[in-house]
Amino acid sequence: MTTASTAADDTPERYNAKEAEAKWQKLWDERGVFRASEDASRPKYYVLEMFPSPSGRIHMGHVRNYTLGDVVARYKRARGFNVLHPMGWDAFGLPAENAARDQGVHPAAWTYDNIANMRRELKGMGLSLDWDREIATCHPGYYQHQQALFLDFLEAGLVYRRKSMVNWDPVDHTVLANEQVIDGRGWRSGALVEKRELSQWFFKITAFSDDLLQALGPLERWPERVRLMQENWIGRSEGLRFDFDVEGRAERLPVFTTRPDTLFGASFVAVSPDHPLAKDVAKKSNAAADFIAECQRMGTSEAAIEQAEKRGHDTGLIATHPLLPGLRLPVYIANFVLMDYGTGAIFGCPAHDARDLEFARKYGLPVRPVVFPKDAGADFAIGDEPYTGDGVLTHSQFLDGLGVDAAKSAMIARMEETGRGERTVNFRLRDWGVSRQRYWGCPIPVIHCGTCGAVPVPRDQLPVVLPEDVTFDKPGNPLERHPTWKHVNCPKCGAKAVRETDTCDTFVDSSWYFARFCSPRADIPVVKSAVDYWLPVDQYIGGVEHAILHLLYSRFFMRAMHKTGHVKVDEPFAGLFTQGMVLHESYRAADGKWLYPEEVQLNADGSATQIEGGQPVTVGRREVMSKSKKNVVQPGAIIEEFGADTARWFVLSDSPPERDLEWTDSGIQGAWRFTNRLWRLVGALADVLPPAGTPAPGQMGDAAMALRRTVHKSIVQLTGDLESFRFNRAVARAYEFANALGDLKPGTPDANWALREGLETIVRLLAPMMPHLGEELWHKLGHSTLLAEMPWPEADAALAADDQVTIAVQVQGKLRATLVVAKDMPQKELEALALAEENVLRFMEGKPARKVIVVPNRIVNIVV
RNA sequence: GCCCGCUUGGCGAAAUGGUAGACGUAGCGGACUUAAAAUCCGUUUCCCGCAAGGGAGUGCCGGUUCAAGUCCGGCAGCGGGCACCA
C-alpha cells in the first residue's frame, strides 16, 4: 500500500482533518446537539444501527454500518424530525470467556476495556449519537430488567422448561450449538459429541407462528429477501393429521402429511428414533435399542445428514390402512423422521416422495403410483425418480380422476367425516431454547427446589447478579462449581434449594435493547410514555446475516412485551436496511503465507510485490475481511491518516449500500482528494465572495445562471438520493456539483454571488456525509451557527427545472441526431425540426415518414 | 434438492421502456516542477475512418414494442438462504 499524501501533512494547501474533527466533535458534545428527548410537537424519527459486540476494535463493517445510519440521522434531523440515535454494546457472550481462559483476564474487565476503546473509536467517527443513552447488556442495570421480563413472560405462559435433545461435549462439559459440531466432534475438544436429553428453558415463539408470518406482509420497508427468508424459516404447511391403528396396541399412532391425496399409495409407516413408540419397542428389543442408540450418535451437521443414507429398523408392528382395512403396513423406526416436526411419525408413499422411495427400494417395499401424469398410460411405473407433479388420481377409490389439489381436499373431508383426522397447519418454526451453560450471560432468575420445583426469584430479589469470583481453569460452567452462589433457600418453602446456573442466550439481550434505549436509566424495563413515543424504530440498519435469528427473536419479543403490557406495538422495526459487506483483496507470498495489505506494493500492471524483499505476491480475489487471510484494513489507522470524513465519504461512494463494497487504496485516496478539493475551493474563494446574506444582484449572466440551475437541481436530486438510500448516487451528484463550481470563473458580482450560493449549498448537502468538513467550511464561509443545527436547504423549483432540453432523434429506433431546444416545445415543432436534420434525411433515404413518435422533452422516433 | 438474488468498459458503477457507460478509479498524453509528489488540462467500450461519420455492443437464445440494460419465455454462470420439515 502506498500512501501519497495524508491528513498529517500539515501544509497550508491541505485540510488538517485531525485538528478540525476533534474541534467540532468537542463542540457538538458540549452543546449536546444530539441529545434526544420526547417532544410531542415534532414528528419523531428513531434511527438505529445494530449495536456492536465489544470485540476490541471497530472494523470496516462497523464504519460502513454506522456511517449509513449517521447519514440518515443527520439528514432527518435537518428535515425537522426529532431524531433518536443511540448506541450501546451487545456485551455478553463467549469471546469474553475465551479471553478469560486464554489470557487470565476477567470477562468483565476484558469487556469494559474493549467498550472503552471502541467507544473512543466510534466517537472519532463523528457520529451524531446521544451518548447519554449508552447501555451495555452485561451491566446489571440492563440485565436486571431482562430478568424481570423473563418473569413476566413466565407468568404469561411464554416461557417454559422441558427436556430436549442437545449436542453434549463430554470433555468440555457443555452444550454445543449445531454449528459447533464438526464431523460429529466438538470443535474445540475434538471429542465425539453425544446427544443428551437436558432440561432447558424455552421461549414460546411458536405461540406467535401465524402472526409472525402474517405480519411480514405489511412490512413494506423491509427487503423482500429478508421477509422471504423469515417466511421460509417459519415454514407454514397445510395438511392432514390422522391416526393409524396399530395391531396389538391400544393407542393409535398419529401422523402428519401434506400429501393426503397419496394415502392409497402408502406402503409403510415410520416413526422417529425419539418417538415414544420407538422407546416402547426398544424396551423389549435389543436390536431396536441398538438402532436408536446408533441414530443418536449420528452427527447433526449438514454434511453428516447429507451423507447419511436412509435407514430403518422393522419393529414387526403392523399398522392398518384406515381406508383399505386389508392393507397391512409395516412400522419402521427410521433415521430420517424428525421427532420435533409434525407428530414424529409418517406414512411412506414411495411413488411420490424421494425419501420414501429411497427407503422403499432399500427395504424392498412396494412402490405403487396413485398420481398419474396427464398423458401416462395404465402401465405407468416409477423408476429411479418419484413423481411429484400434478396429475390424475388412480387406484384411489373415491379420489379417482381428481387432480392433486382436489384430492387433498376430498381426502381431508373424508377423514374429518369419519373422525379419524383433521385439517392441520404445521410450522417448521420451533420454540427458542435459551439455556446456555455459560458464565458470561444474563442469569436466569429461577430457583430449583426439591419440593416446590422451579420457583421464580421474587421481584424484590432482582437482580440476580453474576458472582465476580469465578475461575475458568476447568471446563464447564463456573456458576455450577462456585462454592456459594447457587446455594439459596427456596423463596416458597424456605428449604435448601439451588439457583438455576444456566444463563440466557445472548440473542435474548439483543431482542429488546432498542426498547430500552427509549428510557435507558428507568428502574423498570421500559417507561410507557417513552416507548409509546419512540417505538417502533423507523429505520434499522445492519448486516443481512441477522435476517433470521436476531430479527425474528426481536419480533417475538415485541409481541411478548405487548402481551405483558410493556409496549403497544408488535413490530419493532418499521424500516429495515441490510447493508453489504466490506471486502478486500487478499495477498499471498511465494511461500504461501498471507500478507497484510501494508506489506504489499501494488504495481501499475496489476501485479504485486512484497515490499520487504521485492518477491512477487499472488493477488487473491476480494472477499470478506478476515484476520486469518490478513486482508483487513483497520479503521483506526485510516481515520488517523485521512480523518473520519474521508473514510465516511469513501464507504458511501463506491457501491450501492446494499451491495458488497470493495475497500481499495485508490478509492480512499480519491475520497481524500475530494475532501481537499472542496476545502481548497472554499479557501480560494473566501476573499472574493460577497458576505453571507447579500441579496442577489439584479443582473445574472448566463454562466452564473447555469451554475444556479445546477445548484437547485442538485438539491432536488441529492435529496431524492438520500431519501431512497442511494448514497453512491448522492456522492456522484456531489462530484458533478463540485465540478460545476470549479468551472465558474469568479470575478463579476453575479458569478461571485452564484458561487457563494453554490458553496453554501454543497456544504449543507454534504453535511450528513462529511459532517466535520461541513462545519469547518460553513464556518469559513462566515457563519457562526452550527451546521448540525441548520435546516435542510430548499430548492427553487423554477431554477431546478431545465429551460432547455436535449432531444434524441431516431430513425428506425437508431440515434441519428440530437436537438437542443426550449423545454416543452410543441410536438409539431419538434417533428419539423427533426425532419429537417441532414443526417435524419440521409437515413430516411427519401422515403416518407410512416409514423413519427414524439415524446415531449425526450425523443423523436421516425419510422419509414 | 427447494427458494431467492445477481451478470453493463481494465475496475467500482450510472441509466421513470426513450441519447448505454453519468460519477469515481485506473491508464495514456500534456502543463507546472531541477525532479518527484501534489495540482490542473485533455483523452479512454470495441471495430473501420485523416475527419465528418458509420458498424457492433449491457452473460447466451428467442419474443413483445416505433423503441429493450430495463418487460416476457428459455438457458448458462456466479452468489446467498434453507435443507431428511413428511
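Basis for what follows: all heavy atoms, side chains included, without hydrogens, waters or symmetry-related copies. Here is how names work: the chains are called A, B, and so on, in the same order as the sequence lines, proteins then strands, and each is numbered from 1. Note that this is a predicted model, so its numbers are computed, not measured.
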- Task: Answer with base, sugar-phosphate or nothing: what part of the nucleic acid does Asn861(A) contact at a heavy-atom distance below 4.0 Å?
- Result: base
Glu545(A) CD to rG5(B) P, in whole Å, measures 20 Å
Side-chain atoms of Arg14(A) come closest, of rG80(B), rA83(B), rA38(B), to rA38(B)
* side-chain N/O Arg227(A) vs rG5(B) OP1/OP2, d < 4.0 Å -> no
Without hydrogens or angle criteria, can the side chains of Asp431(A) and Thr206(A) be said to hold a donor-acceptor pair below 3.5 Å? yes
Using 4.0 Å as the upper bound for N to carboxylate O, is an ion pair formed by Arg726(A) and Asp721(A)?
yes
Any cation-pi pair here, Arg355(A) with Phe336(A), using under 6.0 Å and within 45°?
no
Is any side-chain N or O of Arg430(A) under 3.5 Å from a base N or O of rC85(B), one able to act as donor and the other as acceptor? yes
Quiz question: going by heavy-atom distance under 3.5 Å, is there a donor-acceptor pair between the base of rU19(B) and the side chain of Arg816(A)? no
**OP:** May I ask you to say what Arg850(A) touches in the nucleic acid, namely base, sugar-phosphate or nothing, with a heavy-atom cut-off under 4.0 Å?
**Re:** nothing
task: Could you tell me whether Arg673(A) contacts a base, only the sugar-phosphate backbone, or nothing, with contacts defined as non-hydrogen atoms closer than 4.0 Å?
output: sugar-phosphate
Paired to rU39(B) by Watson-Crick or G-U wobble criteria (both distances under 3.5 Å) is rA31(B)
Across every strand shown, the nucleotide meeting Watson-Crick or G-U wobble geometry with rG49(B) (both distances under 3.5 Å) is none
In whole angstroms, the gap separating P of rA86(B) from CZ of Phe244(A) amounts to 17 Å
Can you tell me if the side-chain N/O atoms of Asn739(A) get under 4.0 Å from OP1 or OP2 in rG24(B)? yes
Rounding to an integer number of angstrom, what distance separates rU65(B) and rC75(B) when you compare their C1' atoms? 23 Å
Exercise. Is the CZ atom of Arg420(A) crowded by more than 12 outside heavy atoms at less than 6.0 Å?
Worked result: yes
Pairing partner of rU7(B), by Watson-Crick or G-U wobble and under 3.5 Å for both distances, is rA76(B)
Looking for any heavy atom pair under 4.0 Å, which part of the strands does Asn426(A) touch: base, sugar-phosphate only, or nothing? nothing
I'd like the C1' distance from rA13(B) over to rG69(B), given in whole Å. 13 Å
Discussion item. Over all strands shown, is Val809(A) touching base, sugar-phosphate only, or nothing at heavy-atom distances under 4.0 angstrom?
Written reply: nothing
Exercise. Contact class for Val863(A) vs. all strands (heavy atom < 4.0 Å): base, sugar-phosphate, or nothing?
Worked result: sugar-phosphate
_What contact category does Asp340(A) fall into here, base, sugar-phosphate, or nothing, at under 4.0 angstrom with non-hydrogen atoms?_
nothing
message = Students often get this wrong, so: under 4.0 angstrom with heavy atoms, is Gly342(A) touching a base, only sugar-phosphate, or nothing?
response = nothing
Inter-nucleotide P distance (rG77(B), rC60(B)), Å rounded: 15 Å
In Phe650(A), Phe642(A), Trp649(A), the residue satisfying ring pair (Phe, Tyr, Trp, His ring centres under 6.0 Å) with Phe674(A) is Trp649(A)
Here the distance between atom C1' of rU16(B) and atom CD of Gln717(A), to the nearest Å, is 13 Å
Which of rA26(B), rU19(B), rG81(B) is nearest the side chain of Ile548(A)? It is rG81(B)
To the nearest angstrom, the NZ-P distance between Lys745(A) and rC40(B) comes to 13 Å
*asked:* Considering every strand and a 4.0 Å limit on heavy-atom distances, what is the contact class for Thr257(A): base, sugar-phosphate, or nothing?
replied: sugar-phosphate
Exercise. Just call it for Gln810(A): base, sugar-phosphate, or nothing, with non-hydrogen atoms closer than 4.0 Å on any strand.
Key: base
Taken to the nearest whole Å, CZ/Arg842(A) to P/rA52(B) is 13 Å
Whole-Å distance, Trp679(A) CH2 to rU39(B) P, equals 14 Å
message = I'd like to know if Asp353(A) and Arg259(A) make a salt bridge, using a cut-off of under 4.0 Å between side-chain N and carboxylate O.
response = no
**Asked** According to a strict under-4.0 Å criterion, is Arg659(A) in side-chain N/O contact with OP1 or OP2 of rA14(B)?
**Response** yes
| query | Less than 4.0 Å between a side-chain N and a carboxylate O, is that true for Asp210(A) and Arg236(A)? | reply | yes
Phosphate OP1/OP2 of rC85(B): any Ser237(A) side-chain N/O under 4.0 Å: no
Rounded to whole angstrom, note down the C1' distance from rU43(B) over to rG59(B). 30 Å
Suppose you measure atom P in rG21(B) against the same atom in rC3(B); what distance do you get, rounded to whole Å? 38 Å
pair_partner(rC2(B)), Watson-Crick or wobble, both distances < 3.5 Å, evaluates to rG81(B)
### Message
Could you check whether the side chain of Arg355(A) and the base of rA86(B) have a donor-acceptor pair of N or O atoms closer than 3.5 Å, going by distance alone?
### Response
yes
Between CG of Leu228(A) and P of rG80(B) the distance, given in whole Å, is 18 Å
* Whole-angstrom distance between rA20(B) and rC46(B), as gauged at atom C1' -> 14 Å
Side-chain atoms of Leu815(A) come closest, of rA22(B), rU19(B), rA86(B), to rU19(B)
Per atom distances to the Arg680(A) side chain, the nearest of rG53(B), rC40(B), rA15(B) is rC40(B)
Considering only heavy side-chain atoms of Arg428(A), the closest of rC23(B), rU39(B), rC85(B) is rC85(B)
Atom P, compared across rA35(B) and rG30(B): separation rounded to whole Å
14 Å
Interatomic distance at C1', rA56(B) relative to rG9(B), whole Å: 14 Å
Only residue of Lys713(A), Arg858(A), Arg709(A) satisfying salt bridge (Lys or Arg N to Asp or Glu O under 4.0 Å) with Asp802(A) is Lys713(A)
Check the orientation of Tyr332(A) and Tyr363(A). Use parallel for under 30°, tilted for 30 to 60°, and perpendicular for over 60°. tilted
Considering only heavy side-chain atoms of Ser655(A), the closest of rU19(B), rA13(B), rC40(B) is rA13(B)
Open item on the list: Looking at rA56(B), I'd like to know if its phosphate oxygens (OP1 or OP2) sit under 4.0 Å from a side-chain N or O belonging to Lys814(A).
Closed with: yes
Rounded to whole Å, CG of Asn232(A) lies from P of rG1(B) at a distance of 17 Å
Indicate, with a heavy-atom threshold strictly under 4.0 Å, whether Phe843(A) touches base, sugar-phosphate, or nothing. sugar-phosphate
(message) Side-chain N or O of Tyr735(A) versus OP1/OP2 of rG24(B): is the shortest distance under 4.0 Å?
(response) no
